[in-house]
Amino acid sequence: MNRLCGAMRLSRYFLPILRDTPKEAEIASHRLMLRAGMIRQEAAGIYAFLPLGFRVLQKICAIVREEQDRSGAIELLMPTIQPADLWRESGRYEAYGKEMLRIEDRHDRDMLYGPTNEEMITAIFRSYVRSYKDLPLNLYHIQWKFRDEVRPRFGLMRGREFLMKDAYSFDLDFAGARHAYNRMFVAYLRTFARLGLRSIPMVAESGPIGGNLSHEFIILADTGESEVFCHRDYLDFQVPGPDVDFDNVADLQAIVDRWTSLYAATSEKHDAAAFAALPADKQVSARGIEVGHIFYFGTKYSAPMKALVAGPDGVERPVHMGSYGIGPSRLVGAIIEASHDDAGIKWPEPVAPFRVMILNLKQGAADTDAACEQLYAALAAKGIDTLYHDVDERPGAKFATADLIGIPWQILVGPRSLAEGKVEVKRRADGTRELMSPATALARLAA
RNA sequence: CGGAGCGUAGCGCAGCCCGGUUAGCGCACCAGUCUGGGGGACUGGGGGUCGCGAGUUCAAAUCUCGCCGCUCCGACCA
């Protein structure tokens, strides 16, 4: 059974709700995650994921993983601790500066807590791959990173320790690398859409190699850290469906061409004149959160680290690489920034920690208890993630908790409606409620 | 790394300026009673190295110095 599936009684769960907001939390996502008992700060920029937050994180990772796999990438897992020598090969050991957490082991060997994995993946690649026949290859992992930010802030949005999905592509030449890039580009569009987010690829710093092969995937949110500018039509673009053929070079290129055809840039790459040339009603100037970043960097690491492959002509050459990052832990915060109200979080269903929450409005009463138990057992049997609020609290407190933690569907079971043989199904997203029989509710929520 | 601020019960805070019974309040927590559709009322309880360390003083949460931790603004960044 999928470990993410599971029904839970609140009386047996660990959900430390805070009624007051801890004073350090300034932005909505941080505030709500603390109040909803999702995370706990252990040090500046370092958080423990409590059970509710962990469930969301895992659901995000599962979707990220599915879309990476669909696009042809292959998952592995590299360690968090890396030897410094690897980084000396690329020249980044000195260059990275104080953001890198440096460690000495008991034998005085220089180690580090990985802020990223280009060096290690290149070392893995060069150990085994010698021929173009083994290409294309894209390897990814989802692993904790540490970057010793000068100023961590905004909770999970800018932590020092964070979870990152990083993928690395290997191709014989630029044409192959561009297709690899396009695969990730489309996979990212799909990933963010499935997480309930509208992402816009924006031109980003292209790195030392040049060209225009670097994009940041941005979602619009008032509390975003970056100032962004884009064409309004992006907000209505159709995201590629699950049947997209990732091996079809021309099809993928067409999708990427379309998604890069209109103006979109963060403030660093902003071209005020080009933006001003857009029709006034098409100009979107807003704040944005970076949720993904992809780039092609050619032979930047393969050349100094001698990751060479033989082409059809028998000549060895450095492999062309790209890297592609998504921050699942940041996404937890980003999704909340994009979807909440004064009462709490409004989880998009695909990432909600539970899909359904049963609220027993009169705990201890024979009729409501029995109705709740039946619903709970039936939902659990269908494998629906259900949280049963079976604690002896007043109805008002249960409503507040349910809205705070943002479960998409609430089933209100109270004596008033139960007298008519009905329960009330409330949708968190828009607050709409509907009276129906328990059987109808079951059928509806199991659909 | 520049600037500003904060550390008193699990959370939010008062007390500090002007040193002096037993450090206080709200929420939360425990026991109980009444309750029951938007964070309920009452009764009774438990919980504190006042961030840490020195110093001044008859006496320090309060004054002085040092340190640590955290937050916010800016510069920098997945």
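Below, read A as the first sequence line, B as the second, and so on, with proteins coming before strands; counting in each chain starts at 1. What you see below is based on every heavy atom in this structure, not just the backbone, and it leaves out hydrogens, waters and symmetry mates.
Spacing between B:U43 and B:U64 at atom P, rounded to whole Å, works out to 42 Å. B:A54 sits 24 Å from B:G19 when the P atoms are compared, rounded to a whole Å. For the C1' atom pair drawn from B:A75 and B:A60, the interatomic distance equals 41 Å after rounding to whole Å. To the nearest whole angstrom, the two C1' atoms, one in B:U56 and one in B:C65, are 11 Å apart. If you take atom P in B:G47 and the same atom in B:A4, they sit 42 Å apart, rounded to whole Å. For the P atoms, the distance from B:U57 to B:U71 is 38 Å, rounded to whole Å. Comparing the same atom, C1', in B:C50 and in B:C6 gives a spacing of 14 Å after rounding to whole Å. With C1' as the reference atom, B:U22 and B:G15 are 16 Å apart, rounded to whole Å.
Remark on RNA chain B: of its neighbouring residues A:Leu163 and A:Ile17, the 5'-side contact belongs to A:Ile17, judged by nearest-heavy-atom nucleotide. Summary of the strand contacts: A:His30 and A:Gly159 both lie near RNA chain B, and taking for each the nucleotide with the nearest heavy atom, the more 5' one is attributed to A:His30.
With A:Phe146 as the aromatic partner, A:Arg160 does not meet the cation-pi criteria of under 6.0 angstrom to the ring centre and within 45 degrees of the ring axis. Figure legend: A:Arg102 and A:Tyr93 shown as a cation-pi pair, the cationic atom lying under 6.0 angstrom from the six-membered ring centre and within 45 degrees of its axis. Cation-pi geometry between A:Arg55 and A:Phe354 is met: under 6.0 angstrom from the ring centre, within 45 degrees of the axis.
Here the two rings, on A:Phe162 and A:Trp144, have centers that are 6.0 Å apart or farther. A:Tyr296 and A:Phe174 have their aromatic ring centers within a separation under 6.0 angstrom. Here the two rings, on A:Tyr263 and A:His231, have centers that are 6.0 Å apart or farther. Proximity of the aromatic rings of A:Phe170 and A:His320 is defined here by a centroid distance below 6.0 angstrom, and this criterion is not met. The distance between the ring centers of A:Phe185 and A:Phe217 falls below 6.0 angstrom.
Residues A:Tyr234 and A:Arg198 bring no donor and acceptor atom of their side chains to less than 3.5 Å of each other. If you check the side chains of A:Tyr140 and A:Asp69, you find a donor sitting under 3.5 Å from an acceptor. Side-chain contact, A:Tyr324 with A:Ser169: a donor N or O sits under 3.5 Å from an acceptor N or O. For A:Tyr181 and A:His215, the side-chain atoms include at least one donor-acceptor pair closer than 3.5 Å.
Across all strands shown, B:A41 forms a Watson-Crick or G-U wobble pair with B:U33, both key distances being under 3.5 Å. Partner assigned to B:C70 is B:G5, using Watson-Crick or G-U wobble distances below 3.5 angstrom. B:C17 is unpaired under the criterion used here, namely a Watson-Crick or G-U wobble arrangement in which both key atom distances are under 3.5 Å. Shown here, B:U22 forms no base pair; nothing in the strands shown gives a Watson-Crick or G-U wobble contact with both key distances under 3.5 Å. Both distances falling under 3.5 Å, in either a Watson-Crick or a G-U wobble arrangement, place B:G10 opposite B:C27. Nucleotide B:U49 is matched to nothing when pairs are restricted to Watson-Crick or G-U wobble geometry with both distances under 3.5 angstrom. Nucleotide B:A59 forms no Watson-Crick or G-U wobble pair with any nucleotide shown, as no partner meets the under 3.5 Å limit on both distances.
A:Asp166 comes within contact range of no nucleotide atom at all, as no heavy-atom separation falls under 4.0 Å. Among the atoms of the strands shown, none is found under 4.0 Å from any heavy atom of A:Gly37. Residue-level contact check: A:Ala365 touches neither bases nor backbone, having no heavy atom under 4.0 Å from any strand. Using a 4.0 Å heavy-atom criterion, one finds that A:Gly325 contacts no nucleic acid atom at all. As judged by a 4.0 angstrom heavy-atom cut-off over every strand, A:Leu359 is placed among residues making no nucleic acid contact.
One atom, NZ of A:Lys422, and another, P of B:G37, lie 20 Å apart when rounded to the nearest Å. Distance CD (A:Glu99) to P (B:A75): 16 Å, rounded to an integer number of Å. Between the CZ atom of A:Arg35 and the P atom of B:G12 there is a distance of 12 Å, given to the nearest Å. Rounded to whole Å, atom C1' of B:G40 lies 17 Å from atom CD of A:Gln363. Atoms CD1 (A:Ile142) and C1' (B:A78) sit 14 Å apart, rounded to a whole Å. At whole-Å resolution of the value, CE in A:Met202 and P in B:A78 are 16 Å apart. As rounded to whole Å, 14 Å separates atom P of B:A78 from atom NZ of A:Lys145. Taking atom CD1 on A:Ile358 and atom C1' on B:G37, their separation rounds to 17 Å, with Å as the unit.
Nearest to the side chain of A:Arg153, among B:G36, B:G74, B:A78, sits B:G74.
Counting distance only, with no hydrogens placed and no angle test, the side-chain atoms of A:Asp392 and the base atoms of B:G36 include a donor-acceptor pair under 3.5 Å.
B:G37 has no base stacking with the ring of A:Phe399 when judged by centroids under 5.5 angstrom apart and an interplanar angle below 30°.
A heavy-atom distance below 4.0 Å to RNA chain B is reached by these residues of residues 424-434 of chain A, ordered by number: A:Glu424, A:Lys426, A:Arg433.
The shortest distance between the side-chain N/O atoms of A:Gln41 and the OP1/OP2 oxygens of B:U71 is below 4.0 Å.
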Between protein and nucleic acid, restricted to nucleotides 1-11 of chain B and to nitrogen or oxygen atoms under 3.5 Å apart, what atom pairs and distances do you find?
residue, atom, partner, partner atom, Å
B:C11, O2, A:Asp20, OD2, 3.4

